[in-house]
Amino acid sequence: QVQLVESGGGLVQVGGSLRLSCASSGRTSRINAMAWFRQAPGKEREFVAAVSGSGLTTKYADSVKGRFTISRDSARDTTTLEMNSLNPEDTAVYYCAAAVGPIKDVTERPDYWGQGTQVTVSS
């Protein structure tokens with residue numbers, strides 16, 4: 001079993017910053033790549049960012065390039081999404097995801113999901 005738990009969501013003003021964290025537990029030796037997705041009400045869940053198992057390779061959706069940064073800590077038990085220059089379009093539930101395969105797999109078909117954390121950007 002693998003468990004993913006997100007934290008750090010909340011309310012932030014337009015132009016502000018927020019940092020989300022994803023803690024992994026269980027049989028984490030099976031985990032390779034990690035990713036963040038988000039889903040706004042009435043919309044499909046969309047890919048946001050991904051990071052390889054080594055933490056050296058990243059991928060971002062065009063909508064967040066230059067504003068968001070994904071990273072992994074040295075112990076590889078937490079994955080962080082740093083968000084800045086936030087706008088109302090970033091308002092969504094953000095989900096942590098993991099795959100047993102490479103970064104290509106986690107962007108398309110993750111094997112594990114967290115429960116999500118709400119991010120609200122107010123104007």
Side-chain angles (χ1 to χ4, degrees):
Q1 296 285 342
V2 172
Q3 296 82 41
L4 305 174
V5 180
E6 303 94 336
S7 62
L11 178 65
V12 64
Q13 292 184 344
V14 170
S17 300
L18 203 63
R19 178 177 296 169
L20 306 181
S21 294
C22 175
S24 60
S25 61
R27 304 184 70 177
T28 57
S29 62
R30 295 182 176 271
I31 299 300
N32 190 350
M34 299 289 296
W36 288 92
F37 290 74
R38 67 186 182 186
Q39 186 170 25
K43 297 183 178 180
E44 295 185 7
R45 188 170 299 186
E46 65 176 346
F47 167 77
V48 176
V51 60
S52 65
S54 68
L56 299 178
T57 303
T58 58
K59 181 180 179 181
Y60 298 93
D62 289 341
S63 60
V64 305
K65 283 182 179 178
R67 300 190 298 120
F68 291 11
T69 302
I70 188 171
S71 62
R72 310 184 74 165
D73 71 347
S74 59
R76 299 183 68 249
D77 60 349
T78 60
T79 302
T80 300
L81 184 69
E82 297 181 8
M83 306 181 293
N84 59 75
S85 300
L86 288 164
N87 56 62
E89 289 71 43
D90 297 314
T91 295
V93 176
Y94 283 71
Y95 296 90
C96 180
V100 300
I103 192 168
K104 181 179 66 175
D105 288 353
V106 77
T107 62
E108 298 179 353
R109 51 173 300 277
D111 298 297
Y112 306 98
W113 292 93
Q115 63 184 352
T117 185
Q118 177 71 47
V119 172
T120 302
V121 184
S122 65
S123 59

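Positions are given from 1 along the sequence. Scope of the values below: all heavy atoms of this structure, side chains included, with no hydrogens, waters or symmetry mates.
Between Leu20 and Glu6 there is no side-chain heavy-atom pair separated by less than 4.5 Å. You'll find the side chain of Val64 reaches within 4.5 Å of the side chain of Arg38, heavy atoms only. Between Leu4 and Cys22 there is a side-chain heavy-atom pair separated by less than 4.5 Å. Between Pro88 and Val14, some side-chain heavy-atom pair lies under the 4.5 Å cut-off. At a threshold of 4.5 Å between non-hydrogen side-chain atoms, the residues Thr80 and Trp36 do not count as touching. Between Arg30 and Asp111 the shortest side-chain heavy-atom distance does not fall below 4.5 Å. Taking 4.5 Å as the limit, some side-chain heavy atom of Cys96 sits within range of a side-chain heavy atom of Met34. Between Ile70 and Thr79 the shortest side-chain heavy-atom distance falls below 4.5 Å.
Closest non-hydrogen pair, Ile103 versus Ala50, comes out as CG1-CB, 3.7 Å. Taking each heavy atom of Ser17 and Ser85 in turn, the nearest pair found is OG-N, 4.5 Å.
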Side chain to side chain contact (heavy atoms under 4.5 Å, CB included) between Gln118 and Leu11, intermediate numbers included: CA-CA 8 Å; Gln118 177 71 47; Leu11 178 65; over 6 Å; no
Audit row: Tyr112, Val106, side chain to side chain contact (heavy atoms under 4.5 Å, CB included) steps and yes/no: CA-CA 9 Å; Tyr112 306 98; Val106 77; over 6 Å; no
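Between the OG atom in Ser52 and the CG atom in Asn32 there is a gap of 7.5 Å [rounded to 0.5 Å]. To the nearest 0.5 angstrom, Ser122 atom OG is 10.5 Å from Leu86 atom CG. Taking CD of Gln3 as the start and CZ of Arg27 as the end, the distance is 11.0 Å to the nearest 0.5 Å.
Under 4.0 Å is where a charged nitrogen must lie from a carboxylate oxygen, and between Asp90 and Arg67 at least one such pair does.
Hydrophobic clustering (side-chain heavy atoms under 4.5 Å, transitive across Ile, Leu, Val, Met, Phe, Trp, Tyr) keeps Phe47 apart from Val119. Taken together through direct or relayed side-chain contacts under 4.5 Å among Ile, Leu, Val, Met, Phe, Trp and Tyr, Val51 and Tyr60 form part of one hydrophobic cluster.
Considering only residues two or more places apart in sequence or on other chains, Lys43 meets the side-chain contact (heavy atoms from CB on, under 4.5 Å) condition with Ala40.
Counting only distance, with no hydrogens or angles, the side chain of Thr107 and the backbone of Lys104 share a donor-acceptor pair below 3.5 Å.
Of the candidates Trp113, Tyr94, Tyr95, Trp113 is the only one forming a ring pair (Phe, Tyr, Trp, His ring centres under 6.0 Å) with Phe37.
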